[in-house]
Amino acid sequence: MTIAFLFPGQGSQAVGMGKGFYDTVPGAKAVFEEANEALGFDLARLVFDGPEAELALTANTQPAVLTASVAVAAACAERGLRPAFTAGHSLGEYTALVVAGALRFADAVRIVRKRGEFMQEAVPVGTGAMAAIMGLELPAVANVNSSMQIVIAGHRAAVERGVALAKERGGRMSVMLPVSAPFHCSLMTPAGARLARELDAAQIADPKLPVVRNVDAGVTRTAADVRPFLLRQVASPVRWTDGVRRLAEEGATTFVEVGPGRVLTGLLRRIITDARGHSVEDPAGLDKTLAAVGGAGDAAPGAARR
C-alpha cells in the first residue's frame, strides 16, 4: 500500500477545525503554538472560537487551514501514518510542501498570510467572481477539480455570462461561489509579483518525498522547483484532476485527505473510480483510517513538518 496525502485549500475551513488533535496530541498542539508565534497573534483562538466571519477572511483562512492541516499531519505521524507522496489543492500545496520537508512551517504560515492579503488586494471586492460549472468541459478555467466539476474565474460580469452560457448549453448545474476574489486567473498576476519577495526570504530545501504540483501536475523533487511553481500557481488554473491521476501513475494506491473537510475525498471518486480514499480531520477519522489501511503505508523518511 502506497499512500498519498491530499491537503485541502480555502473553502474547507470551519470553526473548531483541529481542536480534537490540539487537545490530545502534543505535536498537533505545538503546530498551533508555532503558528501563533510566527504570526504574532492568537490564530488558535480564532480557529477554535471564531467568529466564523473573521475566520472566512482570506488573510485569516489561508494560515488557519494550513495550520490545521499540518497539525493533523503531525497527529497522523505520531500514530505511524505517513505518506509516500503529497499534493494539495491551491493553498494546500503549501501544506504538501511543509509535510514533505521543502518549506519550514513558520515560513509557510507567514507566507500564506501574506498570500491571502495579496490575492484579496489584487482585485477590489465585488469586481471579480468565481463560479462552479457542472457537466461541461471548458477550455479555460481556474480549477479543473474533476471531469464533472470545473471552476471559472475572472471579472464578475464575464463569470456571470459564463454561468448563463453553461446553463444554455446543457450544464447540469452552475453556481456562483461565495468567494471574495477571483483566484487562479490572470487578475491575480499582481499578487504573484508581491508574493515573490516573501518566497525569496523563505528557507527552501529539497523535499524528502515527491510533491505533485497544481500548475502542470508535474512532480517537485528538488528545492529549485518550489519557488517558480508556487509563483505560477497564483494566476494559473489548478489542474487537480491531472494531479490526482499523476499520483496514481507514480504508484499511489491509497489517498488520504488530511485536514478540514472532505471535499477532496469526494472529488477523488470522480477522477479515479476505484480509488481507495479516506479522510482525517479529527481523531475518530484517524482511527477509522488506520483501521482501513492497517497502519502506516510505504513512505519516504521524514518528519511531518520542518
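A donor-acceptor pair shorter than 3.5 Å cannot be found between the side chains of Arg115 and Gln120. Side-chain polar atoms of Thr58 and Gln10 form a donor-acceptor pair below 3.5 angstrom. In this structure, a donor-acceptor pair under 3.5 Å is present between the side chains of Arg113 and Asn60.
Atom-to-atom distance recorded for Leu81:CG and Ile3:CD1 is 5.0 Å, nearest 0.5 angstrom. To the nearest 0.5 Å, atoms CD (Glu93) and CG (Leu66) are separated by 12.5 Å. Summarising the geometry, atom CG belonging to Leu231 is positioned 5.5 Å from atom CG belonging to Leu195; distances are rounded to the nearest 0.5 Å.
Side-chain contact between Phe85 and Val219 is absent, with no heavy-atom pair separated by less than 4.5 Å. Between Ile152 and Ile133, the closest side-chain pair of non-hydrogen atoms falls below 4.5 Å. In this structure, the side chains of Leu209 and Pro83 come closer than 4.5 Å at one or more pairs of heavy atoms. In this structure, the side chains of Gln62 and Val109 stay at 4.5 Å or more apart for every pair of heavy atoms. Within the 4.5 Å cutoff, no side-chain heavy atoms of Glu281 are placed close to those of Val72. You'll find the side chain of His278 stays beyond 4.5 Å of the side chain of Lys288, heavy atoms only. Here the side chains of Ile272 and Phe255 are in contact, with some heavy-atom distance below 4.5 Å. Within the 4.5 Å cutoff, the side chain of Arg82 has no heavy atoms near those of the Cys76 side chain.
At distances below 3.5 Å, not a single donor-acceptor pair connects side-chain atoms of Ser69 with backbone N or O atoms of Gly259. In terms of modelled atom types and a separation under 3.5 Å, the side chain of Thr61 and the main chain of Leu55 share a donor-acceptor contact. For Thr289 (side chain) and Val280 (main-chain N/O), no donor-acceptor pair under 3.5 Å exists by modelled atom type. A donor-acceptor pair under 3.5 Å links the side-chain atoms of Gln233 to the main chain of Ser90, judged by distance alone. Looking at Asp206, its side chain does come within 3.5 Å of a backbone N or O of Ala223 through a donor-acceptor pair. Formation of a donor-acceptor pair under 3.5 Å by the Asn214 side chain with backbone atoms of Arg239 is not found in this model.
By the salt bridge (Lys or Arg N to Asp or Glu O under 4.0 Å) test, Glu250 is found to be paired with Arg221, Arg246, residues two or more places apart in sequence or in another chain being considered. By the side-chain contact (heavy atoms from CB on, under 4.5 Å) test, Ala164 is found to be paired with no residue, residues two or more places apart in sequence or in another chain being considered. Every residue two or more places apart in sequence or in another chain that forms a side-chain contact (heavy atoms from CB on, under 4.5 Å) with Asp42 is listed here: Asn36, Ala44, Arg45. Applying the salt bridge (Lys or Arg N to Asp or Glu O under 4.0 Å) rule to Asp282 yields no partners; only residues at least two apart in sequence or on another chain are considered.
Atom CZ of Arg262 has 12 or fewer heavy atoms from other residues, nucleotides or ligands within 6.0 Å. Under a cut-off of 6.0 angstrom, the local environment of CD in Glu54 is crowded, with over 12 non-hydrogen atoms contributed by other residues, nucleotides or ligands.
Between Arg194 and Glu117, no side-chain nitrogen of the basic residue sits less than 4.0 Å from a carboxylate oxygen of the acidic one, so the salt-bridge criterion is not met.
Membership of the apolar cluster around Phe229 extends to Val215, as traced through chained side-chain contacts below 4.5 Å between ILVMFWY residues.
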- Message: salt bridge (charged side-chain N to carboxylate O under 4.0 Å, His left out), that's the test. Do Asp216 and Arg213 meet it? Break it down for me.
- Response: CA-CA 6 Å; Asp216 61 352; Arg213 302 186 290 261; 3.0 Å; yes

- Message: For a salt bridge (charged side-chain N to carboxylate O under 4.0 Å, His left out) check, start with the C-alpha distance between Arg269 and Asp274, then their side-chain angles and the critical distance, and finish with the verdict.
- Response: CA-CA 7 Å; Arg269 299 186 184 97; Asp274 60 347; over 6 Å; no

- Message: Thr254 vs Thr2, test: side-chain contact (heavy atoms from CB on, under 4.5 Å). Steps then yes/no.
- Response: CA-CA 6 Å; Thr254 300; Thr2 302; over 6 Å; no

- Take Val258 and Leu6, measure what side-chain contact (heavy atoms from CB on, under 4.5 Å) needs, and give me the verdict at the end. CA-CA 6 Å; Val258 176; Leu6 308 178; over 6 Å; no

- Message: Using the rule given for side-chain contact (heavy atoms from CB on, under 4.5 Å), can you reason through Phe7 versus Glu257, listing the C-alpha separation, both sets of side-chain angles and the distance that settles it, and then say yes or no?
- Response: CA-CA 6 Å; Phe7 296 102; Glu257 182 172 5; over 6 Å; no

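Among all heavy-atom pairs drawn from Pro63 and Leu39, the shortest one is CB-CD1, 4.0 Å. Looking at every heavy atom in both residues, Leu230 comes nearest to Leu103 through CD1-CD1, 4.4 Å. For Ala96 against Gly88, the heavy-atom pair with the smallest separation is CB-N, 3.9 Å. Closest of all the heavy-atom pairs between Thr86 and Ala100 is OG1-CB, 4.1 Å. Nearest approach of Leu268 to Gly277, heavy atoms of both residues: CD2-CA, 3.6 Å.
Note on Leu57: it does not cluster hydrophobically with Val47, by side-chain heavy-atom contacts below 4.5 Å among ILVMFWY residues.
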Using distance only, find each side-chain donor-acceptor pair of residues 21-32 under 3.5 Å and give its atom names and separation, not counting sequence neighbours.
| unit_1 | atom_1 | unit_2 | atom_2 | d |
| --- | --- | --- | --- | --- |
| Asp23 | OD1 | Lys19 | NZ | 3.0 |
| Asp23 | OD2 | Lys19 | NZ | 2.8 |
| Thr24 | OG1 | Gly20 | O | 2.7 |

